[in-house]
Colleague: 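Structure in structure tokens, see below.
Note that the numbering runs from 1 along the sequence shown for the chain. Just so you know, these numbers come straight off a predicted model, no measurement behind them.
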Amino acid sequence: TGRLVVKKSFEKAGLRFISTRPVYLVRLPRAGECGKTEHILFSGTPHASHTFHPCRGSPLDAAFSGLSRDIPADFAERLRTATFIAFRRLLDLCERESPDFLLLAGDVYNQEDASVSAQLALRDGFRRLESLSIPVFLVHGNHDPLASRLRSVRWPGNVTVFGELPDAVPVFRKGEGTPLAIIHGASHASGRETRNLAALFRRTEACGLHVGLLHATPGDADGVARYAPFSQEDLKASGMDYWALGHIHDRREVCREPLAAYPGCTQGLHINEPGEKGCLLVTAEARPDGGYAVRTSFRPLGPAVWKTLDMDLGGAASLDELENRLRTGLDRAAAEVWSGCEMLLVRLRLQGRTELDGLLRKGTTCAELADRLREDGSGVPRIWIKDIDVATRPCVERGALLEREDLLGEVFRLSEAARTASGLQALREGPLAPLFAHARAGKALEPLTDEELARLLDDAESLCLDLLEND
């Protein structure tokens, strides 16, 4: 519920963002290059883009979430433009690398935001690519289905938009009659695409590298909304040499033969999209059997990086030592990010046994600590402490507490029993059931995992230890 409130308040402050779609940038072999094909894949938040060199990106006008309303105005402004910066870097990369074409794998903008500015920014970017003679191929996804297109925005002549049924379009190099590649693509007709689009793709008789461009979800994927679900068997049956996929915001390969890859997104938008975001450089070499050997490498683009930083406070006995350890950890994290990172957004996760456990769990301690650490946020990259997660333990032996014949010992024995499979289920069906069955609260809450319940038990133990043991 808190995350929803924060997201809404952040959007009310006018902080909206350009796409983080997945992108692929592709360059096919020139004369004398022995059939070598390079692809650069760029990634972005809900949007997917590919260039051959292939590339993947993020939705323009996508909103960052999970940030407090007291974020400084200058920092907020830099975040507001982060996805636009990632898109500009993608265009710069295209200019440097001279790919044969650019592929965008859907969710280039968010239809719910009525992203006129995003579509106009895309148009201007495509015009720049047109001046460089770089064709663009794009499909629409669940955030920007075909029905959401603004008919008043006309893409330049170098842009091909695929419809709701698979089609195949050849790519030619100037003055050559044989296609370099054949791009197969299909778009989402609506925001709730349930068709297995991948199963409709079929290789044609044309010679060249056959690439499937699609915004879709593996049927066995966890933790993501499933649109246009597919299986590995669907990808293999299509006859494609490579699949440029969009929708999932982290980099991953879902099939090796043929290679099917998600480049992720060009800019992470929240703490669950951590790490550097950008594109994949994909290299494909012709094999003697007529197929292609394809491999990938990563190119960062996003100016803002999210990171969860685990901090070991074991043995820390004073606030001085606590602060020194945190500052050292933040300095180290800032030094490790890529050179184009302008903003590092951090969740500090405090761990280890420390005498400060009770203090860290009291009142506004963590909020005050976060504010103090934010005071130094003037360097490059600029650091913002998103929040502090306390997972420390008190400096007591748990085994000794379980043996004690007093109220505190009974508390720890009850907690220990609740950690079994049957104990966790009893918590769900007993004391927690009325909360999740509540007419209003139940709609805002997601079921707790075993790990989350165990963390609640840890917190309860620490609270009882502090109340019953300390003065």
Side-chain angles (χ1 to χ4, degrees), residues 1-9 65-69 221-226 270-272 308 310-314 347-370 385-471:
T1 305
R3 288 196 296 270
L4 293 174
V5 172
V6 168
K7 185 174 187 294
K8 290 179 179 177
S9 65
S65 62
L67 294 173
S68 58
R69 65 181 66 189
D222 293 327
V224 293
R226 295 181 183 177
H270 51 75
I271 193 65
N272 293 322
T308 295
D310 291 328
M311 300 297 302
D312 184 8
L313 300 184
R347 165 175 286 166
L348 289 173
R349 186 157 54 199
L350 311 184
Q351 300 175 324
R353 292 188 178 275
T354 171
E355 296 177 13
L356 301 175
D357 176 75
L359 176 62
L360 291 171
R361 296 175 183 276
K362 283 184 177 179
T364 61
T365 298
C366 284
E368 293 174 3
L369 186 58
I385 308 301
K386 176 193 180 299
D387 54 33
I388 298 178
D389 181 14
V390 179
T392 55
R393 302 289 290 166
C395 290
V396 294
E397 287 297 328
R398 181 180 175 79
L401 291 172
L402 289 170
E403 297 295 327
R404 285 175 51 163
E405 295 296 332
D406 58 8
L407 180 57
L408 188 58
E410 183 63 19
V411 165
F412 272 75
R413 285 189 289 276
L414 287 172
S415 176
E416 186 71 13
R419 294 173 185 273
T420 63
S422 59
L424 293 174
Q425 189 60 30
L427 285 177
R428 293 187 179 95
E429 296 175 354
L432 293 177
L435 176 62
F436 286 88
H438 190 276
R440 295 179 62 186
K443 295 178 180 179
L445 297 174
E446 296 181 359
L448 294 173
T449 65
D450 288 354
E451 182 181 354
E452 289 169 333
L453 283 173
R455 289 290 304 276
L456 287 176
L457 289 169
D458 290 341
D459 292 343
E461 287 182 2
S462 295
L463 177 61
C464 289
L465 180 64
D466 187 55
L467 291 174
L468 295 175
E469 190 75 354
N470 299 330
D471 293 334

Colleague: Are Leu401 and Val411 side-chain neighbours, meaning at least one heavy-atom pair lies under 4.5 Å?
Modeller: no
Colleague: Return the minimal non-hydrogen interatomic distance between Pro447 and Glu452, and the atom names on each side.
Modeller: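 Scanning both residues completely, I find the closest heavy atoms to be O-OE1, 4.0 Å.
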Colleague: What is the distance from atom CD1 of Ile388 to atom CE of Met311, rounded to the nearest 0.5 Å?
Modeller: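 Here the interatomic distance stands at 10.5 Å.
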Colleague: List for me each residue that meets side-chain hydrogen bond (donor to acceptor under 3.5 Å, both in side chains) alongside Glu429, sequence neighbours excluded, and say none if there are none.
Modeller: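 side-chain hydrogen bond (donor to acceptor under 3.5 Å, both in side chains) check on Glu429 returns Gln425.
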Colleague: With sequence neighbours left out, what residues match Arg428 under salt bridge (charged side-chain N to carboxylate O under 4.0 Å, His left out)?
Modeller: Asp450
Colleague: What's the shortest heavy-atom distance between Asp312 and Gly352, and which atoms?
Modeller: OD1-CA, 3.8 Å
Colleague: Applying side-chain hydrogen bond (donor to acceptor under 3.5 Å, both in side chains), name anything that partners Arg398, two or more places apart in sequence or on another chain.
Modeller: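 Partners of Arg398 by the side-chain hydrogen bond (donor to acceptor under 3.5 Å, both in side chains) criterion, ordered by chain and then number, come out as Glu416, Glu461.
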Colleague: Spell out, as yes or no, whether a donor-acceptor pair under 3.5 Å connects the side chain of Ser462 to the backbone of Asp458.
Modeller: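 It does hold such a pair.
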Colleague: Report the C-alpha distance between Leu457 and Arg419 in whole Å, list the side-chain angles of each, state the deciding distance to 0.1 Å, and finish with yes or no for side chain to side chain contact (heavy atoms under 4.5 Å, CB included).
Modeller: CA-CA 8 Å; Leu457 289 169; Arg419 294 173 185 273; 3.6 Å; yes
Colleague: What verdict does the side chain to side chain contact (heavy atoms under 4.5 Å, CB included) test give for Leu350 and Leu356, after you've listed the backbone C-alpha separation in whole Å, the side-chain angles of each residue and the deciding distance to 0.1 Å?
Modeller: CA-CA 11 Å; Leu350 311 184; Leu356 301 175; over 6 Å; no
Colleague: About how many Å separate OG1 of Thr308 and NZ of Lys386, when rounded to the nearest 0.5 Å?
Modeller: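 These two atoms lie 8.5 Å from each other.
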Colleague: Closest heavy-atom contact between Arg413 and Asp406?
Modeller: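 Minimum heavy-atom contact is NH2-O, 4.2 Å.
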Colleague: Report the C-alpha distance between Arg361 and Asp466 in whole Å, list the side-chain angles of each, state the deciding distance to 0.1 Å, and finish with yes or no for salt bridge (charged side-chain N to carboxylate O under 4.0 Å, His left out).
Modeller: CA-CA 10 Å; Arg361 296 175 183 276; Asp466 187 55; over 6 Å; no
Colleague: Could I get the full list of side-chain hydrogen bond (donor to acceptor under 3.5 Å, both in side chains) partners for Thr392, not counting sequence neighbours?
Modeller: Asp357
Colleague: With no hydrogens and no angle check, is any side-chain donor or acceptor of Thr365 less than 3.5 Å from a backbone partner on Lys362?
Modeller: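 Judged by distance alone, yes, a pair lies under 3.5 Å.
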Colleague: Within this structure, what is the CG-CG distance for the pair Leu427 and Leu432, rounded to the nearest 0.5 Å?
Modeller: 6.0 Å
Colleague: Residues two or more places apart in sequence or in another chain: which of them pass salt bridge (charged side-chain N to carboxylate O under 4.0 Å, His left out) with Arg347?
Modeller: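 Arg347 satisfies salt bridge (charged side-chain N to carboxylate O under 4.0 Å, His left out) with Asp387 once adjacent residues are dropped.
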Colleague: Using a cut-off of 6.0 Å, state whether more than 12 heavy atoms not belonging to Glu403 lie near its atom CD.
Modeller: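 Not more than 12 within 6.0 Å, no.
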Colleague: What distance separates Ser415 OG from Leu456 CG, expressed to the nearest 0.5 Å?
Modeller: 10.5 Å
Colleague: Closest heavy-atom contact between Cys395 and Thr354?
Modeller: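 Heavy atoms of Cys395 and Thr354 come nearest at SG-C, 3.3 Å.
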Colleague: Could you tell me which non-hydrogen atom of Phe436 sits nearest to which non-hydrogen atom of Leu445, and how far apart they are?
Modeller: CE2-CB, 3.7 Å
Colleague: Under the rule for side-chain contact (heavy atoms from CB on, under 4.5 Å), what residues qualify as partners of Leu463, not counting sequence neighbours?
Modeller: Leu467
Colleague: Specify the closest pair of heavy atoms between Asp389 and Arg455, including all atoms of both residues, with the distance to one decimal.
Modeller: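 Asp389 and Arg455 have their closest heavy atoms at OD1-NH2, 2.9 Å.
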